Number of protein chains: 2
Amino acid sequence: MSAATQTERAGKAIRDLIISGVVLPGERLAEVQLAERLHMSRTPVRSALNTLSHEGLVQALPGRGDAVASFAAADLRHAVELRGLLEGAAARHAAERDLSVFELDQLNRVLKDIDTLFEDSPSEDSAPWKDHVHEYIDLNEEFHRLLVETAQNPVLARLYEQLTKLPFASPSDLVVGYWHLPGSHSKFVAAQQQHWAIVESIATRRGTRAEFLGREHAEITTKALDEMLHGGALARNLMAAVPRRTATAESN
Amino acid sequence: MSAATQTERAGKAIRDLIISGVVLPGERLAEVQLAERLHMSRTPVRSALNTLSHEGLVQALPGRGDAVASFAAADLRHAVELRGLLEGAAARHAAERDLSVFELDQLNRVLKDIDTLFEDSPSEDSAPWKDHVHEYIDLNEEFHRLLVETAQNPVLARLYEQLTKLPFASPSDLVVGYWHLPGSHSKFVAAQQQHWAIVESIATRRGTRAEFLGREHAEITTKALDEMLHGGALARNLMAAVPRRTATAESN
DNA sequence: CATGGCGGTTATGTATACAAAATTGTGCGC
DNA sequence: GCGCACAATTTTGTATACATAACCGCCATG
């Protein structure tokens, strides 16, 4: 039907269960229970849980299966900061190596597309602003992906991928929730200016500037994160480590 | 016998097969074949391969099992540089937070122990120098482990762990091969001075200095790595991506 | 009443049989 | 002789049965 293998289906399904908050942080994930719910055998469930534990979404308990991982607010901030660190390193690597005009064009084109988006809605009150969220997310992710790819550093790319597997560390994870908040428009415009500055630094081979711009770029996300945390706009089901019994039966 | 579960045994065994060069980079790792060799069923082998692919030692081929991962010389350098980046971040975090005297004492004590080692053999010609390798490795690893732990940043710690799972990215992976090369003594002494400088920066809350010292500290390893690469002292079985047929039968 | 062992129960760990997919080899047609 | 399709074989993916270890309540005992 949807995915290729049962294991992939299981991974997606369990991830959704966690992110949507159906299962809460700290809660045990029993194989049989999951297998029943997903209408498959324990084998692919087990395999998926193994993968998810490596990705950090579930915590493996030695000899006692797995539980949903829980994160503190500080963890979110740290993850974003680390993404900035890695993207900064990527920007430096890109700046310090010989990159083709094609690669630079790729980066420029994505940023031009984002510019077009903002020209189309120059303020928060503009009509198309609201509808542009997903276009922006796609383009933003494409830019960050390109940036890491352009560094041509497989080890860095791997580490970056592992970090952004966390459901709040990816470049666009918070965008959808922040887009509609008042004052967000200027933040995204500022972020886009940083995008341009990063590419300019890369094009002119200024590695140090590129690195620090990459790090500073993450600060905007951190700011947005803090606003969302204080305003309660962040309905994250991953954070509160509320212990809850397994409770398959609702008899009480 | 040795380990707790078959899966752990499989993981250890396969890792050894790869690191010792029994199986070469790019070579396919068939489950049945491994299961036979390790005298167990496919299930724990499969589980271990899954884990190893997340650690980066084997590469998962979608739908076609796994193959031994291969690394280029540039990958080794990049891994070391990234370790410096993360240790620098850890040092900064440690410097910028309120750490207890106990934590500082722990760091100081490890460094004092390393000092004792060097006082015991002040030059390469000193008698006990050769025998101190493993003591140094233990203490060095303890220091780097403590440094990351002191940052109190679980996301960073996780990322660091994932990076150092690579068999050449860990702080002491190259030490044993470099120890006996001429001129290494001064390098280790210099590294130890950087250790002290890092702890001093942390103690005096100088985060930026701590971070850059952490990054610079990795440069020594990079230097050592280059020497070993040029001198052929690095008998790594992970690097050459020699394609080889599966060849269970040697009939031809 | 607290505690510690004991057995029932449930969960994970492992083996194996079977299904499906991919690879390889082979033969047919051109 | 070359290429393509098809079948044989191998390999991975999945289900299920069994083994083993962890958990939980109970009862005996101090």
Side-chain angles (χ1 to χ4, degrees), chain A residues 1-15 17 23-24 26-54 57-69 243-252, chain B residues 1-15 17 23-24 26-54 57-69 243-252:
Chain A
M1 295 198 218
S2 45
T5 71
Q6 293 283 73
T7 302
E8 290 172 41
R9 266 189 288 275
K12 244 179 122 52
I14 298 172
R15 187 192 313 276
L17 285 177
V23 292
L24 297 178
E27 193 168 339
R28 285 278 301 274
L29 291 167
E31 293 173 6
V32 277
Q33 171 191 334
L34 285 171
E36 269 179 37
R37 196 205 282 255
L38 306 179
H39 306 291
M40 57 179 71
S41 83
R42 279 177 53 210
T43 310
V45 170
R46 194 180 178 73
S47 179
L49 283 174
N50 192 339
T51 294
L52 288 171
S53 81
H54 284 290
L57 216 66
V58 317
Q59 185 182 5
L61 312 170
R64 311 206 292 125
D66 306 81
V68 181
R244 196 176 79 173
R245 67 195 63 235
T246 330
T248 30
E250 66 284 86
S251 50
N252 48 340
Chain B
M1 291 204 216
S2 46
T5 71
Q6 293 282 73
T7 302
E8 290 172 41
R9 266 189 288 275
K12 244 179 120 53
I14 297 173
R15 180 186 268 98
L17 285 178
V23 290
L24 298 178
E27 193 167 338
R28 289 276 303 274
L29 290 167
E31 293 173 7
V32 278
Q33 170 192 335
L34 284 172
E36 269 179 36
R37 196 204 282 254
L38 305 179
H39 305 290
M40 58 181 70
S41 84
R42 280 175 53 211
T43 310
V45 170
R46 194 181 179 72
S47 179
L49 283 174
N50 193 337
T51 295
L52 288 171
S53 81
H54 284 289
L57 216 68
V58 317
Q59 185 184 5
L61 312 170
R64 312 203 291 124
D66 307 82
V68 181
R244 195 175 82 172
R245 65 194 64 234
T246 330
T248 29
E250 65 285 88
S251 49
N252 48 338

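In this text, all values refer to a predicted model and were calculated from it rather than measured experimentally. Every chain is numbered from 1, with letters handed out A, B, ... down the list of sequences.
Within the 4.0 angstrom heavy-atom criterion, no nucleotide atom of any strand lies near B:Leu61.
Between the side chain of A:Arg28 and the main chain of A:Arg64, a donor-acceptor pair closer than 3.5 Å is present.
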Inset, instruction - Go through the steps to decide whether B:Leu24 and B:Val68 satisfy the test side chain to side chain contact (heavy atoms under 4.5 Å, CB included), and finish with yes or no. - result: CA-CA 7 Å; B:Leu24 298 178; B:Val68 181; over 6 Å; no
Legend entry - CA sep, side-chain torsions, deciding dist, call: B:Ile14, B:Leu38, side chain to side chain contact (heavy atoms under 4.5 Å, CB included): CA-CA 9 Å; B:Ile14 297 173; B:Leu38 305 179; 4.1 Å; yes
Legend entry - Test log, rule side chain to side chain contact (heavy atoms under 4.5 Å, CB included), inputs B:Leu52 and B:Asp66: CA-CA 10 Å; B:Leu52 288 171; B:Asp66 307 82; over 6 Å; no
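For CD of B:Glu31, the number of neighbouring non-hydrogen atoms (other residues, nucleotides, ligands) closer than 6.0 Å is greater than 12.
In this structure, the side chains of A:Pro44 and A:Thr5 stay at 4.5 Å or more apart for every pair of heavy atoms.
Between the P atom of D:dT12 and the CZ atom of B:Arg64 lies a distance of 10 Å, rounded to the nearest Å. Look at CG on A:Leu34: it is 9 Å from P on C:dT12, rounded to the nearest Å. Here the P atom of nucleotide C:dT12 and the CD atom of B:Glu8 are 16 Å apart, to the nearest Å. In this entry the distance linking CD of B:Glu31 with P of C:dT16 reads 15 Å, nearest Å. In this structure, B:Arg28 places its CZ atom 7 Å from C1' of D:dT11, rounding to the nearest Å. The distance from atom CD of B:Glu36 to atom P of C:dA15 is 14 Å, rounded to the nearest whole Å.
Closest to the side chain of B:Gln6, from the set D:dA15, C:dA15, C:dT12, is C:dA15.
Residues from residues 41-50 of chain B that place a heavy atom under 4.0 Å from any atom of DNA chain D, listed by number: B:Arg42, B:Arg46.
In terms of phosphate contacts, B:Thr7 brings no side-chain nitrogen or oxygen within less than 4.0 Å of OP1 or OP2 of C:dG13.
Sequence order on DNA chain D of the closest nucleotides to B:Val32 and A:Pro62 puts B:Val32 first from the 5' end.
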